[in-house]
Every structure is written in structure tokens, then in C-alpha cells.
Amino acid sequence: MEARPPRRFAETERRRLFVALELPEHVRDSLCAWRSEVMADDLRPVAPEGLHVTLCFLGGRPADQVPAIAAACETALEACSISELGLQAGLWLPRRHPRVLAVRLADPSATLGRAQGALSDALDRGGWYTPEKRPFLPHVTVARIPARARVRAMELPELPPLVFRAPAVTLYRSRLQRTGAVYEPLASVPVGE
Ligand code: 2AM
């Protein structure tokens, strides 16, 4: 019998990528304090350093595309400064059978929405991203609900009236581990000036 040739891996390695707005530490602290007031079993809190606003989720991309994606993010955000943001309201997503507990951000100047639109267009033009059909909902996921658990969408406490500037938009690699996802920053663009 002939020996089989060694198996070749035709595809290059892939990276699970997303672009997100970073939050100042005091805002992350406030979100954690608010979350601890929500009395629901089965909530899996997101680690404080993992709290962010997802702008574009690219999913698995070949690793060799990372430099071009980072450069496209920088170019898209060159003319974007993101003004003051606020914490608007807590929300269960989706509302009927929630999978996450999130906090919606207020974007009174619409500068966050414009930055997300510019990024989405640039990443779509590069062929790395398919824009979402639904409108952008700026939110921070603060806790997740495990697949088999059911959580009642109880009324949520008020949020503190925080107004803040976000420092940067970052391209992250997400590594899925048994203990939860770990987010590794790959490249950042300042947007707070
Ligand atoms: P969200 O929880 O803020 O809605 C890293 O996994 C980030 O990418 C998460 O914070 C999540 O956003 C977003 N994300 C993960 N999987 C996604 C998917 N299939 N579609 C869109 N966004 C996703």
C-alpha cells in the first residue's frame, strides 16, 4: 500500500478580529458598580478590562491581512474626533429572550455614529467586513447569559449621569478560551482630541 502524502494546510492562519471603542477606566468602574446592582442569577460578568463598544466585528480573517486592516482603520478615523458620550440606559438584548445585559451609550453629537460609519465603509471597501443591515446601536455588553440559562428581563436600575470622552479605537484579536474570551489589542487610533 502506498504511503499517503503528508496533509498540507492550504489556508493561512486566521485571527478573530473586531474593532472597538475603548472606555476610560472610571467609566468601566461605574459600569461594574451598576452591574452589581442587577440581581439576576446566571449572569456572567465581562471582565472590567474587556468592557468596550464594538464598532465592527470582522470575524475570522487571514492573519496576513492584519496590517492592512489596521492601516485602513487609521485612515478611516483620521478625520474623526469622537465628542462627549454618556451612559443612557441599561438594556437586555434581545429583549424577549435576553442573551446579554448591555448599557446603551448616548452619542448626542452623533460623532460616534459617524466614526462607526466611516470604519464600516472602509473595511467593507477592503473586502474584510460585511456591514450590518441593522442600524448601529452603541452599547457596552457588561454581562452574558450562558446558552442554557434563562434570565427574566427585569427592570434595570438607573445609570449614573456620566459624561466622558473615549480615548481610542482599537483593533482587537479575540481568543476564545474555556474561561471566556480574551481580547488582545493589535493597533490603536486616538480619537479623543
Ligand atoms: P457585543 O457583545 O458588544 O455586542 C468581541 O467578541 C466583540 O465582538 C463582542 O463584544 C461582541 O459585541 C462582538 N461580536 C461577537 N460576535 C459577534 C457576531 N457574530 N456579530 C457581531 N458582533 C459580534
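For ligands, and for the atoms within them, numbers begin at 1 and follow the listed sequence.
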Asks: Give the atoms of ligand 1, by number and element, whose distance to some non-hydrogen atom of Glu132 is under 4.0 Å.
Replies: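 Close to Glu132: 21 (C).
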Asks: Answer with side chain, backbone, both or neither: which part of Arg173 has a heavy atom less than 4.0 angstrom from an atom of ligand 1?
Replies: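 Under 4.0 Å from ligand 1, Arg173 contributes no heavy atoms.
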Asks: Tell me: protein heavy atom nearest atom 11 (C) of ligand 1, and distance?
Replies: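 Heavy-atom neighbour on the protein nearest atom 11 (C) of ligand 1: Thr54 OG1, 3.7 Å.
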Asks: Looking at Arg173 and Pro185, would you say the former's side chain and the latter's main chain have a donor-acceptor pair under 3.5 Å?
Replies: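 Flag not set: sc Arg173 to bb Pro185 has no pair under 3.5 Å.
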Asks: Give the residue and atom name of whichever protein heavy atom lies nearest to atom 1 (P) of ligand 1, and the separation in Å to one decimal.
Replies: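 For atom 1 (P) of ligand 1, the nearest protein heavy atom is Thr141 OG1, 3.3 Å.
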Asks: Determine yes or no for a side-chain-to-main-chain donor-acceptor pair under 3.5 angstrom, with Asp124 supplying the side chain and Pro131 the backbone.
Replies: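 Checking the backbone N and O of Pro131 against the side chain of Asp124, no donor-acceptor pair under 3.5 Å is found.
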Asks: In sequence, state the C-alpha distance, the side-chain angles, and the governing distance for Arg35 and Glu37, and then conclude on salt bridge (charged side-chain N to carboxylate O under 4.0 Å, His left out).
Replies: CA-CA 5 Å; Arg35 171 177 74 191; Glu37 288 175 40; over 6 Å; no
Asks: Using a strict 4.0 Å cut-off to heavy atoms of Arg144, name the atoms of ligand 1 that fall inside it.
Replies: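 Every atom of ligand 1 under 4.0 Å from some heavy atom of Arg144: 2 (O), 9 (C), 10 (O).
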Asks: Decide if the gap between the ring center of Tyr129 and the ring center of Phe57 is smaller than 6.0 angstrom.
Replies: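 No: the rings miss the under 6.0 Å criterion.
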Asks: Within ligand 1, which atoms have a heavy atom of His52 less than 4.0 Å away?
Replies: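 Numbered from 1, ligand 1 contributes 7 (C), 9 (C), 10 (O).
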Asks: Can Leu186 be reached from Leu58 by stepping across I, L, V, M, F, W or Y side chains whose heavy atoms are under 4.5 Å apart?
Replies: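 Leu58 clusters together with Leu186.
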Asks: What about His139: any of its N or O atoms under 3.5 Å from an N or O on ligand 1?
Replies: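 Yes: some nitrogen or oxygen of His139 is under 3.5 Å from one in ligand 1.
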Asks: Please confirm whether the backbone N or O of Ser120 pairs with a side-chain atom of Arg125, one donor and one acceptor, at under 3.5 Å?
Replies: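 No: the side chain of Arg125 does not pair with the backbone of Ser120.
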Asks: I need the nearest protein heavy-atom contact for atom 19 (N) of ligand 1: residue, atom name and distance, please.
Replies: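 Looking only at protein heavy atoms, the one closest to atom 19 (N) of ligand 1 is Phe57 CE2, 3.6 Å.
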Asks: Decide yes or no on salt bridge (charged side-chain N to carboxylate O under 4.0 Å, His left out) for Arg175 and Glu184, but give the supporting numbers first.
Replies: CA-CA 8 Å; Arg175 289 168 183 268; Glu184 176 190 330; 2.9 Å; yes
Asks: Checking a contact table here: which protein heavy atom is nearest atom 6 (O) of ligand 1, and how many Å away?
Replies: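 Result for atom 6 (O) of ligand 1: Tyr183 OH, 3.9 Å.
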Asks: Looking only at distances, please establish whether an N/O atom of ligand 1 is found under 3.5 Å from an N/O atom of Ser174.
Replies: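 No, no N or O pair falls under 3.5 Å.
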